[in-house]
J.: 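My questions all concern the structure below.
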Protein chains: 2
Amino acid sequence: MHAFKQPECNSCGSRVSTCLIELGTNQVAEISQQKHSQLFTRNSYVFAEGQYPRGIYCIHKGHVKISKMGADGREHIISFAGTGNIVGYATLLAAEKYNVSCIAVQDSSICLIPSEIFFRNVRENPSMALHVMHDISQELRTTSQRIVELTHKPIRERVAEALLIIKEAFGLDADGVTLRSPLTREEIASIVGTAPESVIRTLSEFKSENLITTNGRTIQLVNMRALVSIANIRD
Amino acid sequence: MHAFKQPECNSCGSRVSTCLIELGTNQVAEISQQKHSQLFTRNSYVFAEGQYPRGIYCIHKGHVKISKMGADGREHIISFAGTGNIVGYATLLAAEKYNVSCIAVQDSSICLIPSEIFFRNVRENPSMALHVMHDISQELRTTSQRIVELTHKPIRERVAEALLIIKEAFGLDADGVTLRSPLTREEIASIVGTAPESVIRTLSEFKSENLITTNGRTIQLVNMRALVSIANIRD
DNA sequence: AGTAAAATCTGACAAATGTCAGTATCAAGA
DNA sequence: TCTTGATACTGACATTTGTCAGATTTTACT
């Protein structure tokens, strides 16, 4: 977690995929000046459960997980966010303490936009307000979706789905099959909501059915069609 | 689902607990005129998965469940809403089809506020916009919370928690112990994310431990302290 | 490159939960 | 009020998943 050369919001490719695209030149310049950019190494906290929010976090480059500790002390990963996403809306807007943590899963550079300037722009710019509402609403929809999947699907389906979620969040290598993911088996288990052993066993099944191959920690999705079908997704 | 005498928003006790409290007299009058009020009988749909939203729904009186069908055809109840709550924000704001259904669990009178007038007020009134964001954010937070609870807690804890959720949503009779809930055991199972038999078994356990009593479908919470402790809630 | 710590993987077993079948009870509607 | 279909409940059993122990491999760091 180090300070470093601050990026310019004006020319930032990440800004244009967020609600900040709704702002005028002056507002962007002001945010660019007031933001705090930091480098987060893998596994370092961007924010943690129980802390009070100080603003929203715009991911300039990298990936984070949004996760939460269960009563039993085990982690559950609720979602991922990457380059061009903003995290931390909900807690700031609800005016509460974080009930989730945000942790870098890769070395990432992330900008904190302070509350005060965020709220001012939301108040003054209805398009930005609507953009924020749109984004939170999407999050709520996918989170609701996930509740049903986690409670009503067997582990095999959930592991297949986790692979697809990882593919969405991190993408594939140039070969078109290798997951660009730094996640451990334990982290995959935290997506699925199960024990690491169960994930490993299911991945072994998939290997023996020639749906995936593995090479150490990395996974190749060699039969996407079948995985999608196993994941049993509708919508 | 019948039309009936339309309530007046101006004097409506439900309005003041929603984002509509942020509006001026003229705007309230306009909404009062443009809304459509309906009576929904138990188990009738306010809206259904797959439909396109036509506005937001303000619950004038009654209770609804927000639920979703799993791939296996079983229902999962995500949340409840009652008198003075508004439902349907997220889908409208995300500009998508409903991915959940809203079903009356009691005879309820509910007002539809059309999209057009909702969006106009959100655009023109920053306080209302922020109020809406606040409400959605709260929903997102409780939904995230629920993911962790559903995946990492054993059934006994989840059933205890479901009883507390029902108490929050429906309240207690004058005796201070009887749940004012029309829910069947199957619906409770849909909150917990399990089979009805498992719920019944757990309730029988609770009975034999003198934590609850039952009388047909109704349940009395005679030892709240113990139930809270079993539910194992933090935050 | 070498080493220590961490992560992956396998098997055996235990525990939790789901499923099925059947009976008893309740509640909504004629 | 009566009746009938739905709901609640119980027990036995199958299945899934979690847990524990231990061997192997990989990764991270010096």
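Note that this is a predicted model, so its numbers are computed, not measured. Chain identifiers are assigned alphabetically (A, B, ...) following the order of the sequence lines, protein sequences preceding nucleic acid strands; residue numbering begins at 1 within each chain.
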J.: Looking only at N and O atoms, is any donor in the side chain of Arg201(A) or the base of dG18(D) less than 3.5 Å from an acceptor on the other one?
T.: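 No, no donor-acceptor pair under 3.5 Å.
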J.: May I ask you to say what Glu186(A) touches in the nucleic acid, namely base, sugar-phosphate or nothing, with a heavy-atom cut-off under 4.0 Å?
T.: sugar-phosphate
J.: Detail all sub-3.5 Å separations between protein N/O atoms and N/O atoms belonging to nucleotides 13-17 of chain D.
T.:
from    : atom 1 : to        : atom 2 : distance (Å)
dT17(D) : OP1    : Ile155(A) : N      : 3.1

J.: Check residues 182-192 of chain A and write down every donor-acceptor pair under 3.5 Å in which the side-chain atom is one partner and the other belongs to a residue at least two apart or another chain.
T.:
from      : atom 1 : to        : atom 2 : distance (Å)
Thr184(A) : OG1    : Glu186(A) : N      : 3.4
Thr184(A) : OG1    : Glu187(A) : N      : 3.0
Arg185(A) : NH1    : Arg217(A) : O      : 3.0
Arg185(A) : NH2    : Gly216(A) : O      : 3.3
Glu187(A) : OE1    : Arg42(A)  : NH2    : 2.9
Glu187(A) : OE1    : Thr184(A) : N      : 3.0
Glu187(A) : OE2    : Lys65(A)  : NZ     : 2.7
Ser190(A) : OG     : Glu75(A)  : O      : 3.3
Ser190(A) : OG     : Glu186(A) : O      : 3.1

J.: So, Thr151(A) side chain and Gly193(B) main chain: donor-acceptor pair closer than 3.5 Å or not?
T.: no
J.: Residues in side chain to side chain contact (heavy atoms under 4.5 Å, CB included) with Lys97(A), at least two apart?
T.: Tyr52(A)
J.: Pairs under 3.5 angstrom only: tabulate donor-acceptor contacts from the side chains of residues 160-173 of chain B to other protein residues two or more places apart or in another chain.
T.:
from      : atom 1 : to        : atom 2 : distance (Å)
Glu161(B) : OE1    : Lys153(B) : NZ     : 3.2
Asp173(B) : OD1    : Arg180(B) : NE     : 3.3

J.: Name each donor-acceptor pair under 3.5 Å that joins a side chain in residues 78-89 of chain B to protein atoms two or more places apart or in another chain, with its distance.
T.:
from     : atom 1 : to       : atom 2 : distance (Å)
Thr83(B) : OG1    : Gly62(B) : N      : 3.1
Asn85(B) : OD1    : Gly82(B) : N      : 2.8

J.: Could I get the full list of side chain to side chain contact (heavy atoms under 4.5 Å, CB included) partners for Leu92(B), not counting sequence neighbours?
T.: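 Leu92(B) satisfies side chain to side chain contact (heavy atoms under 4.5 Å, CB included) with Pro53(B), Ile56(B), Ser115(B), Phe118(B), Phe119(B) only.
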J.: Which residues satisfy the side chain to side chain contact (heavy atoms under 4.5 Å, CB included) test with Gln138(B), sequence neighbours excluded?
T.: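 Per chain and number, Gln138(B) pairs via side chain to side chain contact (heavy atoms under 4.5 Å, CB included) with Ala94(A), Glu96(A), His134(B), Arg141(B).
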J.: Not counting sequence neighbours, which residues clear side chain to side chain contact (heavy atoms under 4.5 Å, CB included) with Glu49(A)? List them please.
T.: Lys68(A), Met69(A), Ser101(A)
J.: Using a 4.0 Å cut-off to any heavy atom of chain B, which nucleotides of DNA chain C are the first and last in contact, reading 5' to 3'?
T.: dT17(C) to dA27(C)
J.: Strictly below 4.0 Å, heavy-atom distances to any atom of DNA chain D: list the hits from residues 67-74 of chain A, or just say none.
T.: Arg74(A)
J.: By ring-ring contact (aromatic ring centres under 6.0 Å, His included), which residues pair with Tyr57(A), not counting sequence neighbours?
T.: Phe47(A)
J.: Going by atom types only, do Ser14(A) and His60(A) share a side-chain donor-acceptor pair under 3.5 Å?
T.: no
J.: If we ignore hydrogens and angles and just use 3.5 Å, is the side chain of Thr202(A) paired with the main-chain N or O of Ser198(A) as donor and acceptor?
T.: yes
J.: For each nucleotide in nucleotides 22-30 of chain D, reading 5' to 3', give B when a protein heavy atom comes within less than 4.0 Å of its base, S when such contact involves only the sugar-phosphate, and - otherwise.
T.: -----S---
J.: Can you check whether Ser204(B) has a side-chain N or O nearer than 4.0 Å to OP1 or OP2 of dT10(D)?
T.: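 For Ser204(B), the contact criterion (side-chain N or O under 4.0 Å from OP1 or OP2 of dT10(D)) is met.
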